Amino acid sequence: MRILLILLILLCCGCQKQEVVMPDDNSTAAPAYGDTFIEASIGEPSNLLPVLASDSASSDINGLVYNGLIRYNKDLILEGELAESWEISEDNLTITFHLRKGVLWHDGVPFTSADVLFTYNVYIDPKTPTAYAESYKQVARAEAPDLYTFRVTYDKPYAPALGSWGVSIMPKHLLEHTEITKSPLSRMPVGTGPFRFVEWKPGETLVLESNPDYFEGQPYIRRVLYRIIPDLSTQFLELQSGGLDFMGLTPIQYQTQTDTLAFKRRFEKYRYLAFGYTYLGYNLNRPLFQDKRVRQAIAHAIDKQEIIDGVLLGLGQVATGPYKPDTWVYNPDVRRYPHDAAKAKALFAEAGWRDSDGDGILDKDGQKFSFTIVTNQGNDLRVKSGEIIQRRLQEVGIEVKLRVIEWASFLKEFINPGNFEATILAWSGSPEPDQYDIWHSSKTGPRELNFIRFKNPEVDELLEKGRRTFDQQERKACYDRFQAILAEEQPYTFLYVSEALPVVARRFRGVEAAPAGIRYNFIKWYVPEKEQKYQR
Amino acid sequence: MLRYLLGRMLLMVPLLLGITLISFVVIHLAPGEPTDLQTQLNPQASAELQERLRAQYGLDQPLYVQYGRWLGRLARFDFGDSFAQDNRPVGDKIVERLPITILINVLSITAILAVAIPIGILSATRRNSLFDRLTTIFVFVGFATPSFWLALLLMDLLGMRLGLFPIVGIKSLGFDYLSWYGKLWDVIHHLILPVLVSAFGGLAGFSRYMRSNMLEVIRQDYILTARAKGLSERAVIYRHALRNALLPVITILGLSVPGLIGGSVIFETIFAIPGMGKLFYDGVMMRDYPLIMGILVIGAVLTLVGNLIADMSYALADPRIRNS
């Protein structure tokens, strides 16, 4: 024990106390260049060549290194990035992009329309192992009539096409004569974006440095450092000890573990609605769920706010349909299902379900109302939601069993073959409202996404019209009606939209939460000169 | 002796083949495929694309063809390219993570031996004393404590509140700017907590082995003889008893050779150490067959070699076995 004490004292001398800068309240301090922004990633980025990357760590980094032709602004409206402007032909078949002049790749070579055409060709090349080629295969003809014009023509009008040109444009001169999967760029990317790649130590850190020639001006923050820290608890400890400047919190960390004065002095917490929603989906091929009144009754029996309070600690909103409430496409005037056990029972009775034998469980023609909800392992929120639903449904006389299955088996044995009664899952969303793949009746085949087998001719028509229409008002009309039908039919009981809960070190200024999150204006974030923490 | 060695090594070849065959079949039996991660529930992925991806990875071939191809590459010491999106050679991915894994495991085994052997000896010679009981409790608490929990507590207390130790990784952020002794100290400083935590859980096994070996030996006739000769208790215990009691430890050490490249996922995840455990776990989760097979083969070879070394050194250390 004595030896241990001495050891501890010795160790104490070996470590220097970190200087923590206390920001004064003067938040108008002038923007200044410099400092390092440190954030953590749960996983190692897999591949920094945009066409081959699909994990979030790689996409985050590629988002700073590369640009697309267009992007979504803070209000999720499309604006030009590498394209200064674009026009859509009268017949809605051709999009012409006018590119920015004077943009340079990080190695100094000028960016031109040849790079855009090349990127398109890489995506549609059958030898490229990418799962993201579908939108580019819709293109009938792509051409680069001059150095700064790029034009694509489609066979039929395809509105999601525009958003698909937010894809990261890759440098032709560095990729054209190599096999795409063997390119060195997958370990050291070269883009046109606000930050340049510096160094990657596998399993440890990845460093980016601001691009002084960036076409929208050099970012204020000089370096961005990603640290690979696979455990969220460890990330949180490291954040508190000053080793991180940014982190996405869990609801419990946000609500209960960051309310200290010391934490608030050093970090600013933000919250905004994340894309995506969690739902309870019914297999509509099963007789149990074919009556609309039954699905509506279940929706009334579930208390969604209770799930949000219990599972997300209140950090979320009730979902009423497939869209996020703060987007242009969201329709607030759809049928809602407040928690109402009496109404649920009435609807069940109307559909013929009564507790005739007095065992507390509804029955009809001698058959009990009993079903199993399946969900995947590894997502605690879904399992907990399932348990809360289980209890509420028991109150109205339905026996619910909950089964949790490992992801690969879950898809292979249950979802893909349609071998389930109900499931709790989530869809991630994007600013593009096209929902064709999830709800169209042609997408009910094996391994396709309409695995609950929802078939509604009017919805089919609306989805087809929606993806052919470019005018936002007209599109909204389609999707408003689409949301109304889904709310009425309740093929899913839409449960909740969760919130993203980032924290940023207070010395960073210029951070503003918007529907697009907080990172959309990252190049405008700065640290006033007096508060800068890292000099090199 | 040489003939025996050669014979043993020849026998290892079919054994290794058998191990690879079984492993190969078993991992392909698990539901799901490497391409699923990209294509399942992805609106952008068509059925045709899924087939194309499978063909690119060679997954459309029958299993025996896949195994044959894999074995062919292995014969040229090529583990193939990873199915993960980085498509890097499996060999590179493993080599990158070996040094830190081996370092931590060697340090932790050394720490375990350094503490467990004295504990074992003392609690055997003072059987049922207060010391014996206290250390028994201590090592079993270590055995029963979940390492992730202990790690988080220590990180919170020693790392964050007291600021004595760095919390994550194996190097500080400014590592590149340090002098060589600064670098050395930095790495040691980072390794103390992980090694401490991983050694704590291993104490029980070794110290109990040591204790029961020692008790066994002390009962032997030659110890009685030594005592009867009038040797001091010190000489009896440390010269005669200890050397015999240490023999089985050689076997255990031999068996822990494959453990040198293994790592604990939980442990590496918490301390953010880029080691083999996490690599293997991620490989399994995304069904990265070449990577899984690569690690399994290395593990199998080390197990076989470790067994061989244990047998050989046992013979070297114990004349009774050497002469029979």
Side-chain angles (χ1 to χ4, degrees), chain A residues 8 11-12 14-15 17-18 38 40 43-44 46-47 52-55 58 126-127 129-135 181-182 186-187 202-205 225 227-231 233-235 237-238 240-241 243 406-409 411-413 415-416 425 427 436-438 445-449 534 536, chain B residues 30-33 35-47 49-50 52-53 56-57 81 84-88 93 96-97 100 148 152 155-156 158-160 162-171 173-174 177 185 189 192 266 268-275 278-279 282 285 287:
Chain A
L8 279 180
L11 289 173
C12 234
C15 54
K17 260 260 167 284
Q18 277 232 334
I38 305 180
E44 173 112 8
S46 65
N47 195 319
L52 300 178
S54 62
D55 58 306
S58 308
K127 288 204 292 291
T130 175
Y132 297 90
E134 275 324 291
S135 349
T181 54
K182 300 278 176 228
S186 64
R187 309 290 295 171
E204 293 176 45
T205 53
L225 190 115
R227 301 176 65 188
I228 292 134
I229 305 179
D231 183 70
S233 315
T234 310
Q235 279 191 16
L237 288 173
E238 187 64 9
Q240 288 168 291
S241 68
E406 186 265 337
W407 182 247
S409 324
L411 291 181
K412 188 164 180 241
E413 310 290 335
I415 297 300
N416 290 334
L425 270 178
W427 286 118
Y436 187 89
D437 291 293
I438 298 174
R447 299 184 71 150
E448 290 192 301
L449 302 188
Y534 301 96
R536 45 186 188 195
Chain B
E33 286 194 335
T35 53
D36 288 353
L37 206 66
Q38 289 180 60
T39 58
Q40 292 275 21
L41 295 190
N42 173 3
Q44 297 254 336
S46 63
L49 175 106
Q50 289 171 11
R52 209 175 70 209
L53 280 179
Q56 271 174 357
Y57 288 127
D81 289 348
Q85 283 162 341
D86 56 8
N87 290 308
R88 295 172 67 210
K93 289 180 95 162
E96 196 170 270
R97 286 171 178 245
I100 183 64
F148 76 92
L152 283 176
M155 282 157 75
D156 190 35
L158 301 180
M160 211 191 80
L162 299 179
L164 296 179
F165 295 102
I167 296 174
V168 294
I170 44 171
K171 291 172 195 163
L173 291 178
Y177 304 103
W185 165 246
H189 200 188
I192 291 173
I266 298 175
E268 285 170 8
T269 306
I270 287 184
F271 284 107
I273 292 170
K278 186 82 171 61
L279 183 69
D282 290 345
M285 279 301 139
R287 311 284 192 266

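Below, chain A is the first sequence line, B the second, and so on; all start at residue 1. Here the structure is a predicted model, which means the values were calculated and not measured.
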Task: Over all atoms of both residues, closest heavy-atom pair of B:A272 and A:I228 - done: CB-O, 3.7 Å
- [ ] Pick one of side chain, backbone, both or neither for A:E406, based on which atoms fall under 4.5 Å of a heavy atom in chain B.
- [x] side chain
Open item on the list: Heavy-atom pairs under 4.5 Å with chain A: which of B:R287, B:K278, B:M160 has the most?
Closed with: B:M160
What part of [X] gets within 4.5 angstrom of chain A, counting heavy atoms only: side chain, backbone, both, or neither?
| X | result |
| --- | --- |
| B:K93 | neither |
| B:D81 | side chain |
| B:I170 | side chain |

Open item on the list: Could you check whether any side-chain heavy atom of A:Q240 comes within less than 4.5 Å of a side-chain heavy atom of B:I167, counting everything from C-beta outward?
Closed with: no
Task: Side-chain heavy atoms of B:V168 within contact of A:L237, under 4.5 Å - done: no
Open item on the list: Applying ring pair (Phe, Tyr, Trp, His ring centres under 6.0 Å), can you list everything that pairs with B:F148, at least two apart in sequence or on another chain?
Closed with: none
Open item on the list: Taking B:I270's backbone N and O only, do any of them form a donor-acceptor pair with A:T234's side chain (distance below 3.5 Å, no angle check)?
Closed with: yes
Task: Expected output: side-chain B:Q56 to main-chain A:K127 donor-acceptor under 3.5 Å - done: yes
- [ ] Not counting sequence neighbours, which residues clear salt bridge (Lys or Arg N to Asp or Glu O under 4.0 Å) with B:E268? List them please.
- [x] none
Task: Atom pair CD1/CD of B:I273 and A:E204 - distance to nearest 0.5 Å - done: 10.5 Å
Open item on the list: So, taking the atom named CG in A:D231 and the one named CE in B:M155, what distance separates them when rounded to the nearest 0.5 Å?
Closed with: 7.0 Å
Task: Heavy-atom pairs under 4.5 Å with chain B, option from A:R187, A:E413, A:Q235 with the top count - done: A:R187
- [ ] Under 4.5 Å, counting heavy-atom pairs only, tell me which of A:D55, A:N47, A:I38 racks up the most with chain B.
- [x] A:N47
